Amino acid sequence: MRNSGIGDLEMTDESGLDTGDAGGVSTQTPNDVVSVVAARRSTRAFTDRRVDRGLIERAIERAGRAPSGGNLQPWHLYVLSGEPLRDLRGRMQARLTSNPTPDPFEYDVYPPKLTEPYKNRRREAGLQLYGAIGIERHDPVARSRQSEKNFDFFGAPAGLFCYVDRQMGRAQWSDLGMYLQTLMLLLKADGVDSCAQAAWSLYNETVAQIVRPPDSLMLFCGVAIGYADLSHPANNFQVPRAPMHEITDFLWTNH
């Protein structure tokens with residue numbers, strides 16, 4: 001059986017800094033970029049404040065400058081708000097109540113036999129999240145309830161689904177990550193929070209009932225989009241990152 005692990009399927013990390021418009025030809029200084037990168041978090045509780053559609057459209061357009069090997073641009077997006085999003089939420093609630101078994105997996109979100117140090121990094125991120133919101137490690141009912149919030153986009157007023165053409169390979173999947181990171185940073189530069197969610201891939205058939213993608217496309221992930229509820233404990237912790245010396249080897253001379 002493939003690795004599902006619904007509870008930890010957000011593309012994990014952390015909200016709060018509005019650096020203003022990142023418009024047109026970039027006028028941001030390096031410090032602006034650093035601030036936006038540092039401020040972007042995986043937001044897991046949103047207010048009901050709506051996001052202007054034009055702001056999302058602008059971010060999607062500008063994110064198209066993300067690197068893409070051979071300029072393939074292998075992503076296709078569906079953005080939901082209002083009635084389509086309410087329809088999806090209703091279908092997901094009914095699905096989770098009547099038949100929570102995931103759809104056949106189209107890809108492994110995590111390797112089936114994850115080794116260290118990756119296994120511990122994932123475990124620690126999960127422990128920090130559940131600890132922040134007061135859920136005990138051995139409380140499966142509470143953990144399941146928290147996991148199911150993925151499929152409400154954590155209350156966000158807008159949701160995005162990123163699909164990829166099935167003919168694409170590993171190199172093009174890396175393009176998806178670069179595009180989505182660029183998109184989320186542009187949103188954050190406009191004060192809008194987000195959370196990338198691989199968990200949606202578990203219910204790709206239910207999502208397809210709403211967005212009706214062609215058979216040639218595969219659901220990669222969802223992205224919750226909105227304004228963070230800064231009073232919620234899920235948004236008030238920061239997952240640590242490995243130090244540079246742990247992930248980097250310099251082969252470097254000054255001559």
Side-chain angles (χ1 to χ4, degrees), residues 3 5-19 22 28-46 59 63 66-67 108-135 137 143 146-147 149-150 154 156 162 170-171 173-201 220-230 232-252:
N3 189 347
I6 295 175
D8 299 320
L9 286 182
E10 302 95 24
M11 296 178 180
T12 309
D13 230 335
E14 283 84 333
S15 70
L17 185 63
D18 183 355
T19 60
Q28 287 188 321
T29 68
N31 283 338
D32 290 328
V33 174
V34 170
S35 297
V36 173
V37 171
R40 190 213 62 81
R41 311 281 180 86
S42 291
T43 298
R44 296 185 178 88
F46 291 84
D108 288 315
V109 176
Y110 299 112
K113 296 181 179 179
L114 195 62
T115 60
E116 300 296 351
Y118 316 108
K119 184 176 181 179
N120 185 63
R121 291 174 185 168
R122 182 186 176 198
R123 182 191 305 113
E124 288 300 315
L127 289 174
Q128 285 204 22
L129 169 61
Y130 290 121
I133 58 181
I135 295 177
R137 183 176 183 180
R143 290 171 70 96
Q146 174 63 28
S147 298
K149 292 180 181 179
N150 275 286
F154 299 109
C162 179
R170 294 180 180 180
W173 281 55
S174 72
D175 289 357
L176 300 183
M178 290 185 281
Y179 177 84
L180 290 168
Q181 170 73 340
T182 304
L183 174 64
M184 290 187 288
L185 292 176
L186 287 166
L187 289 170
K188 190 62 195 172
D190 270 335
V192 178
D193 302 294
S194 61
C195 183
Q197 301 168 267
W200 279 105
S201 67
F220 174 55
C221 73
V223 180
I225 300 173
Y227 296 96
D229 178 355
L230 298 179
H232 197 288
N235 293 330
N236 287 295
F237 76 99
Q238 184 170 2
V239 174
R241 293 297 195 238
M244 185 184 66
H245 68 79
E246 188 175 314
I247 63 168
T248 310
D249 288 302
F250 282 92
L251 287 74
W252 183 295

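Values in this document were obtained by computation on a predicted structure and should not be read as measured data.
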Hits for side-chain hydrogen bond (donor to acceptor under 3.5 Å, both in side chains) against Asn120, two or more places apart or cross-chain, chain-then-number order -> Arg123
Sequence neighbours excluded and cut-off under 3.5 Å, please list the side-chain donor-acceptor pairs for residues 174-181, or say none.
{"unit_1": "Ser174", "atom_1": "OG", "unit_2": "Ala171", "atom_2": "O", "d": "2.5"}
{"unit_1": "Asp175", "atom_1": "OD2", "unit_2": "Ser68", "atom_2": "OG", "d": "3.3"}
{"unit_1": "Asp175", "atom_1": "OD2", "unit_2": "Gly69", "atom_2": "N", "d": "3.2"}
{"unit_1": "Tyr179", "atom_1": "OH", "unit_2": "Ile60", "atom_2": "O", "d": "3.1"}

For Arg137, the salt bridge (charged side-chain N to carboxylate O under 4.0 Å, His left out) test, sequence neighbours excluded, returns none
Sorted by chain and residue number, the side chain to side chain contact (heavy atoms under 4.5 Å, CB included) partners of Thr115 (sequence neighbours excluded) come out as Tyr118
By side chain to side chain contact (heavy atoms under 4.5 Å, CB included), Ala224 pairs with (sequence neighbours left out) Phe46, Phe153, Ala156, Cys195, Gln197
Applied to residues 243-252, the side chain to side chain donor-acceptor pair (under 3.5 Å) test, sequence neighbours excluded, yields Arg121-Glu246, Trp252-Asn254
Supply the atom-to-atom distance [X] [atom1] to [Y] [atom2], rounded to the nearest 0.5 angstrom.
X      : Y      : atom1 : atom2 : value
Ile133 : Phe237 : CD1   : CZ    : 8.0 Å
Arg143 : Leu129 : CZ    : CG    : 9.0 Å
Asp193 : Leu230 : CG    : CG    : 7.0 Å

Does Lys188 reach the side chain of Val37, with side-chain heavy atoms less than 4.5 Å apart? no
- prompt: Any side-chain heavy atom of Gln128 within less than 4.5 Å of one from Pro240?
  reply: yes
Minimum heavy-atom separation for [X] to [Y], with atom names?
X      : Y      : value
Phe154 : Gln146 : CE2-NE2, 4.0 Å
Thr182 : Ala63  : CG2-CA, 3.8 Å
Gly226 : Val192 : O-CG1, 3.4 Å
Ser201 : Val109 : OG-CG2, 3.9 Å
Ala59  : Leu187 : CB-CD2, 3.7 Å

Under 3.5 Å, side chain of Asn235 to main-chain N/O of Asp229, donor-acceptor pair present? yes
